[in-house]
There are 2 protein chains.
Amino acid sequence: MSPHEDFQTRRKHLMRTVQDAMDVLNGKWKIAIIASLCCFTKRRFSDILNDVVGISNRMLSKELKELEINQVIKRSVLNTQPVTVHYELTEHGKTLQPLIEGLADWGVIHHKQIVGT
Amino acid sequence: MSPHEDFQTRRKHLMRTVQDAMDVLNGKWKIAIIASLCCFTKRRFSDILNDVVGISNRMLSKELKELEINQVIKRSVLNTQPVTVHYELTEHGKTLQPLIEGLADWGVIHHKQIVGT
DNA sequence: CAGTATCCCCTCCGATACTG
DNA sequence: CAGTATCGGAGGGGATACTG
């Protein structure tokens, strides 16, 4: 295989697997929601609503459902009065933590790059 | 500082810096475009158009501009006939490579998780 | 508290056509 | 080849009100 073909093959594979990941993390809010669940294991609906600046309850509800379907988060209902609901990362979801941290680190780097120190 | 406050502080910081990163990588296409530039340093407009499945030239043009403004990619015009344009990651943009790789790795993990090996 | 339901705007984005 | 211009539709997403 020529070096050129090698690059092509690597790129195609990279593009496809990155896309697989982005299919789960798509939309405006998913990453932020996951970040909210990264520290401190359990959060309630209204906690996340506060963490993620600007999100509406409608959107939060929708995004949480999608993340649950993709087995990234787990929803558990406690039979208190009124009902309490806990959200947390699943074991699978926790494999995203390094990525979120990496993103946060890059956010810092980028801020320095743009603002200058 | 109590452990609880510590968590709060860490989360706030995490959320903010993750947001800084996502401000640059927002929209449907940025990550895929950067992935296309990760292997093989230079790509032409039409190359990226082919790499990123589904994107239109309109969107590609728009997203490339934003990435250039954020100093993630560099655009260079070669005075051939007709004009050739090369896009490549800047030094700053290259600091995103580990993240893209991480995303790709997670894509593989997730695919296994959902499909089952 | 943890959501649903409804309404509606407006932006994102695709399709098509055109230019240097 | 590397874009820009224009149009139009779909749906993302906000605001508000309501429910168990």
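Lettering of chains follows the sequences in order, A, B, ..., and the numbering in each one begins at 1.
Rounded to an integer number of Å, the gap from CG of B/Leu60 to P of C/dC12 is 17 Å. For the pair A/Asp47 CG and C/dC1 P, the interatomic distance rounds to 9 Å; values are reported in whole Å. The separation between A/Ile33 atom CD1 and C/dA2 atom C1' is 15 Å, rounded to whole Å. For the pair A/Glu63 CD and C/dT4 P, the interatomic distance rounds to 13 Å; values are reported in whole Å. For the pair B/Gln81 CD and D/dA2 C1', the interatomic distance rounds to 12 Å; values are reported in whole Å. Rounded to whole angstrom, the span from the CG atom of B/Leu49 across to the C1' atom of D/dG3 amounts to 10 Å. Atoms CG (B/Asn26) and C1' (C/dT11) sit 13 Å apart, rounded to a whole Å.
Applying the salt bridge (Lys or Arg N to Asp or Glu O under 4.0 Å) rule to B/Asp47 yields the partners B/Arg44; only residues at least two apart in sequence or on another chain are considered. Scored by the salt bridge (Lys or Arg N to Asp or Glu O under 4.0 Å) test, B/Asp51 finds A/Arg11, B/Arg43 as partners (sequence neighbours excluded). Under the rule for a salt bridge (Lys or Arg N to Asp or Glu O under 4.0 Å), the partners of B/Glu88 that lie at least two apart in sequence or sit in another chain are B/Lys42.
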Which letter, B, S or -, goes with each nucleotide of nucleotides 14-20 of chain D from 5' to 3', with contact meaning a protein heavy atom under 4.0 Å?
BBBB---
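Residues A/Leu89 and A/Leu96 form no side-chain contact, since every pair of their non-hydrogen atoms from C-beta on lies 4.5 Å or further apart.
For A/Tyr87 and B/Gly27, each mapped to the nucleotide of DNA chain C holding its nearest heavy atom, the one lying further toward the 5' end belongs to A/Tyr87.
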B/Gln19 vs B/Asp23, side-chain hydrogen bond (donor to acceptor under 3.5 Å, both in side chains): CA-CA, chis, key distance, verdict:
CA-CA 6 Å; B/Gln19 199 49 54; B/Asp23 286 346; 3.2 Å; yes
What do the steps show when you test B/Leu64 against B/Phe45 for side-chain contact (heavy atoms from CB on, under 4.5 Å), and what is the final call?
CA-CA 9 Å; B/Leu64 284 171; B/Phe45 188 86; 3.8 Å; yes
Going through the checks in order, is the side-chain contact (heavy atoms from CB on, under 4.5 Å) test met by B/Ile114 and A/Gln71?
CA-CA 8 Å; B/Ile114 296 297; A/Gln71 304 177 25; 3.9 Å; yes
Kindly indicate, with the supporting measurements, whether the criterion side-chain contact (heavy atoms from CB on, under 4.5 Å) is fulfilled by A/Asn26 and A/Glu66.
CA-CA 10 Å; A/Asn26 64 16; A/Glu66 292 184 29; 4.0 Å; yes
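Looking at residues 64-80 of chain B, you'll see B/Lys65, B/Arg75 sit with a heavy atom under 4.0 Å from some atom of DNA chain D.
Relative to the axis of its first five pairs, the axis of the last five pairs of the helix from C/dC1-D/dG20 to C/dG20-D/dC1 sits at 50°, rounded to 10 degrees.
A salt bridge does not link A/Glu68 to A/Lys65: none of the charged nitrogens lies less than 4.0 Å from a carboxylate oxygen.
Side-chain rings of B/His92 and A/Trp106 approach one another, their centers coming within less than 6.0 Å.
Of the listed nucleotides (D/dT4, C/dG3, D/dA2), D/dT4 has the atom at the smallest distance from the side chain of B/Ser61.
Contact annotation: B/Ser46 reaches the phosphate of D/dA2 (side-chain N/O to OP1 or OP2, under 4.0 Å).
Results of the side chain to side chain contact (heavy atoms under 4.5 Å, CB included) test with A/Ser36 over A/Leu49, A/Asn50, A/Ile48 single out A/Ile48 as the only residue that passes.
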